[in-house]
Amino acid sequence: QKEVEQNSGPLSVPEGAIASLNCTYSDRGSQSFFWYRQYSGKSPELIMFIYSNGDKEDGRFTAQLNKASQYVSLLIRDSQPSDSATYLCAVKKVSPNAGKSTFGDGTTLTVKP
Amino acid sequence: DGGITQSPKYLFRKEGQNVTLSCEQNLNHDAMYWYRQDPGQGLRLIYYSQIVNDFQKGDIAEGYSVSREKKESFPLTVTSAQKNPTAFYLCASSIGGLRDEKLFFGSGTQLSVL
């Protein structure tokens, strides 16, 4: 079992719809959770981070964390073609490996005009 | 502008050759990381360093070596022992020690085997 698993893609949604990206993790010692966006051939950039149970909203993006279910998700409202990218879920553990982030394989999202 | 500079952008390795990928940051970050990305996959950690003159193996360190002699620099050597080196290599840095710290990435080096 992989430490971080993301829902298999690719995911395609029409412009203006809500895109839902899911991630599960196996280590209950995981402390912080990140969503990175990666355009083809480019390096990842941070979209959201969350470390408390519940929802965290930033503009069109909402991260949801449920530690009991070991589940974290990213919702993108009013999806735009510019949101088309691969979304990587990353999980950071409690020390002694506090500096180490583990990534999922990513979910590729396509937003169709 | 502050950031992370990786060079070269493209690199070709001959069989049996060692090659070194450069990573320099001027963000004054303590922690630096090397990740490998294969097509359609996520990032896998090769090595990381949380302070100068100290580094730890990641999940796939075999066939790679690093040094951290300066805070700004964290070069990665892909040795001849790495039999499948073709991949996109990403260097990253972070402030270090914080729960919510994000990773800042360089633009990457695409390594291919001749």
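Each chain gets a letter, A, B and so on, in the order its sequence line appears, and its residues count up from 1.
B:V113 belongs to no hydrophobic cluster with other residues, because no ILVMFWY side-chain heavy atom falls under 4.5 Å from its own, directly or through intermediates. Listed by chain and number, the hydrophobic cluster partners of A:I50 are A:V4, A:L11, A:V13, A:L21, A:Y25, A:F33, A:W35, A:I47, A:M48, A:F61, A:L65, A:V72, A:L74, A:I76, A:Y87, A:V91, A:L109, A:V111, where partners are ILVMFWY side chains within reach of under 4.5 Å, directly or through others.
Residues of residues 54-65 of chain B lying under 4.5 angstrom from chain A, judged on non-hydrogen atoms, are B:D59 in numerical order. Listed in order of number, the residues of residues 8-16 of chain B that approach chain A to under 4.5 Å between heavy atoms amount to none.
With hydrogens and angles left out, the side-chain atoms of A:N66 and A:Q64 include no donor and acceptor closer than 3.5 Å. Side-chain contact of A:T86 with A:T108: a donor-acceptor pair under 3.5 Å is present, judged by distance alone. A:E3 and A:S26 share no donor-acceptor pair across their side chains, judged by distance under 3.5 Å alone. Checking B:T86 against B:S112 by side-chain atom types alone, no donor-acceptor pair falls below 3.5 Å.
From A:L75, atom CG reaches atom CD1 of A:I18 across 7.0 Å, with rounding to the nearest 0.5 Å.
For A:F103 and B:Y35, the distance between ring centers is under 6.0 angstrom.
Using cut-offs of 30° and 60° on the angle between ring planes, the pair B:F104 and B:H29 is tilted.
Proximity of a side-chain donor or acceptor of A:N22 to a complementary backbone N or O of A:S73 within less than 3.5 Å is not detected. Proximity of a side-chain donor or acceptor of B:E72 to a complementary backbone N or O of B:Q25 within less than 3.5 Å is not detected.
Note on A:S43, A:G106, A:P44: by heavy-atom pairs under 4.5 Å with chain B, the leading option is A:P44.
No part of A:Q6 comes within reach of chain B, as not one of its non-hydrogen atoms sits under 4.5 angstrom from that chain. At a 4.5 Å heavy-atom cutoff, the contact between B:L43 and chain A is made by backbone and side-chain atoms alike.
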